[in-house]
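The structure under discussion appears below in the form of structure tokens.
Chain letters run A, B, ... following the sequence lines, proteins first and then strands; every chain starts at 1.
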Amino acid sequence: MSTLNVSNIQRFSTGDGPGIRTTVFLKGCNLRCPWCHNPENISSAPEELFFAKAGKKEVYGKLMSPADLAEDLLEDADFYIRSGGGVTVSGGEPMLQYLGVYELAKLLAARSVPVIIDTAGCVPWSSFEKVLEVVNDYYFDVKAGTPGKYSELIGGDLALIESNLRKLVMAGANVTARIPFIPGVNDSDEELKRIGEIIGSAGVKHADLLPFHRLGVAKYEAMGLDYKYKDTLPPSRETLLRAAEIIGRYTETGIE
Amino acid sequence: MDTVKKLRQEMETRPGGMFFPNLYRCQGYKTSSGTANVEKRSDGVAAVFLLSEPHIYKNDLILGSMKDCFVEVSEEELAAANETMALFPERSFITNYDHFAPDYSTPITLGISGMIKKIERSMDIHRDSASSVALLKGMKRTLEALLGRLKKYAEKARSLIGRGDYDDEKLAFAAENCEALLLGAPKTFAQGLQLVWMIHNCFVCEGRYAMALGRIDQYLYPLYRQDVDAGNLTDSFCEELLANAFLKICECRFRGGDDVVNICIGGVDGDGNNAVNGLSYCVLHAVRDVNLPGPNLSARITKDCPDEFLDECLKVIGTGLGYPALMNDEVNVAALLRKGYDLKDVRNYCMVGCIENFIPGMQPPWSDGRFDPINYLESLLRDTRAEALDAIGSMNDFMELYEERLAKGAADYMECVKKASFVKDPENSMSPFLSCFCDFCIERGLDVNMGGTKYPSAHGAALMGIGTVSDSLAAIQRVVFDDKCVKLSELAEALKHNFQGYEDLRSVLLAVPKYGNNDDYADKYAVWYTSTLSDMFDGYRTNDGGPVYTIMASNISNIPAGAALGATPDGRLAGKPLSDAASPTYGCDTRGVTSTLLSTSKPDYTRCACGTVVNQKFSPSVFKDGKREKLAALIRVYFSRGGQEIQINSTSRKVLEDARIHPENYQSLVVRVSGFSALYVTLSDEVQEDILSRTQHEDV
């Protein structure tokens, strides 16, 4: 039996899919997005963060068996079922723990609780192949449009990501592309155009544009790290609408 | 809606003088030709209605203002009035004076003149009983004075027409409505509302608080339906009329505080069918537009009430108002049935005050008192000798001792209540006007507090601190009996020292599972608390043989109650607030709202006939279109599992700003952003400001 490295379990998550959901954040990531809003989920090692302002200590990173985790999550089964919700597995990169995720999703499916996987997609296709047996819904990040940006800034392999995205769609999965809109990273017309082309040619039906926010700054402080984006302001509504419009030119995908 | 805004502005001007209806009342006492106390009393009440000068706001559509009873009084007048008043003592909250939901159906159906006829018939039937005749004469006198007040208002409105600074159309509309009521039963919705409002305002002018309007969407529905069907009333005008009346509830602020006038919408009809109707929505919108504390809106949510109704309630809550409080109808009905009321009457329940369940016009005014179970736990640990404490062998034995203390405490409490609520000479403190609006005072010729009502008086024992008690018991079980890491006497010693020098023990206590996390280790004590205490109070009766209900709705009195209490075994320091109402201790329900509600639906609330309050706070994003249905599903599941009530202290800037000032109360407030997890209190000022400004924009 595999174990899952759980960072946090957030109940009544309203931003991570339909209905009432519990989002499970798994610890450990293979990308290094400099704007990351969950820095506590990058390393696989357990971490203790001290939030000086709140005088609050939080520990992240607890190994749990899929069965124990499923039992915890199923406490809310009534809420999921009544609302058409379920469990969202996020991170970190949850697909790095695909075996545990597979087992977890199987246990949840047995109780009619569906799972959404929130992934950046930079893992071997074989991992998706396994998980596809029990999970049909994916939030798939497209963080940049050019291979250079991906490899240099984020540490990811765009070719692999693009190929996984295509294969998931072809396999019949319900895929929503999620585009974090980050000032200075993917807000140029060229990047947006390429992002539009990637999601369009993959055949993704639906995409969400997620505006940058700096809510993660407290976590950087609590980890004793400098946050490069601490003074970056969230984009205006006009900027977002314009970005959505540019992406929209290159794809049939509905963008929100 | 323009009128509502303008009326609100007009109401910003405080009247001169002081609220002193007794000035008029005393004149009534003096000039009374009556012999019986109740006759004099009726003349006093009539004088308040008839001698006061009607106040009409320029934007009034529905007339009746408490400004009428603001008067300039000299020291001598005040002293003289108080001297006279001493001869006619009034009842108080504990002796069933106010906190009452009148029967408004009868005046709507019969009109005041019809009620007077009914009184006359009863006088004839009871002609051999001098006391009944005196009371009925007095009741009739007050109703005639009510008509007199309507007439004075109509005349005043007419006299203002053509003056130029008032809106003549509004004046004519209001005057016509009042005049129509002099002739008989109301024939339009506006007349019906005018009648109800004038009666309510008369109670206010008598000096009563917390007089509920009750199920206004039911008793005014026939007139609403008739006018809407005939094309004579639009929903927007209906809302404007309602808001015009409700806004004047806030006149109470002129006296220096808010009134709590409960208004109840939704629920079921006498046959148990869904009773939500078009008027329910109008009432909801009117309360939203008034947007001030005073009108205290409650929504009875049934299993099969339309989703649209719950959604509309959530929209209003999401404006930041915090109303309506959402009541689980199935639980309340079951709880009241256990108290022996007839099913049809139970289905017609509403609330008085904050949330107290009440059968309108069928029982004497409400009373309640505070019972603090945590005090008995604290004293058990404080005044039992160390050897005796350490001789307690198991948690069960400990619980037995605690239950003994509670039983003794409940007995003391009831003795106290019965003494305090006993009225020596009830015939000298009758309420002739109030008795007109309660079954079967007219038929029986008896006062509301002397056997006139269908049901006897109910009293509520307001239980304080379910979270603090449950957490404390769980902590004792863990450290003393399960883990055996300290002796009970050591724990008691630590409490006496407010944990000074016992910091390590305190961290252990704080780490024990707390109520509100769907963990039976602590939750089982909340279940025990509810049933055990309800059992205890079930064994008592009020002075007139009525039931004693349990309540868990502490308002804010958990703060003073905590201030007077030493440290408790849950790790709470001396002087800190107790847990609030039926909620878990603030900040201790850390697993999220679904877990909280799974816990707070465990106790059997059909034992708490008076009602309970579970407070929950949500960040603004949850009230947006597309998200509210999640909140609705949360409530539906919570209610299907037996939760009794949820009060959503919502949203917007207000909550978030308060969270900045009192972070200790918002330890589990989650910021909900896609793929992100953070607790609000951990965010820097700057980032909290981001969220605040975002919220503000969205509110505009």
Margin query: Check A/D76 with B/R591, please: is the shortest side-chain N to carboxylate O separation under 4.0 Å?
Written below: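 Result for this pair is no, no salt bridge flagged.
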
Next item on the list: Heavy-atom pairs under 4.5 Å with chain B are the metric here; pick the option from A/D72, A/I81, A/T88 that has the most.
Entry: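 Result: the option with the highest number of such pairs is A/D72.
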
Item checked: Spacing of B/T594 atom OG1 and A/R21 atom CZ [to the nearest 0.5 Å] ->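 Here the interatomic distance stands at 13.0 Å.
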
Notebook entry, point to check: Rounded to the nearest 0.5 Å, what separation is found between the NZ atom of B/K624 and the OG1 atom of A/T14?
Noted result: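 Nearest 0.5 Å value for the NZ-OG1 distance: 8.5 Å.
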
Notebook entry, point to check: Is A/R11 close to B/V593 at the side-chain level, that is, under 4.5 Å between some pair of heavy atoms?
Noted result: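 Not touching, per the 4.5 Å side-chain cut-off.
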
Notebook entry, point to check: Should A/I20 and B/L631 count as side-chain neighbours, where that means a heavy-atom distance under 4.5 Å?
Noted result: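 No - every pair of side-chain heavy atoms lies 4.5 Å or more apart.
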
Note to self: Tell me if the aromatic rings of B/Y638 and A/F79 count as close, with their centers under 6.0 Å from one another.
What the structure shows: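 Between B/Y638 and A/F79, the centre distance exceeds or equals 6.0 Å.
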
Give a yes or no on this: more than 12 heavy atoms of other residues, nucleotides or ligands lie within 6.0 Å of atom [atom1] of [X].
| X | atom1 | answer |
| --- | --- | --- |
| B/R636 | CZ | yes |
| A/R32 | CZ | yes |
| A/K62 | NZ | no |
| B/K576 | NZ | no |

Next item on the list: Under 4.5 Å heavy-atom distance to chain B, tell me which part of A/P18 shows up: side chain, backbone, both or neither.
Entry: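 The backbone, not the side chain.
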
Notebook entry, point to check: Of the backbone (N, CA, C, O) and the side chain (C-beta and beyond), which part of B/K630 lies under 4.5 Å from a heavy atom of chain A, both, or neither?
Noted result: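 Both backbone and side chain.
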
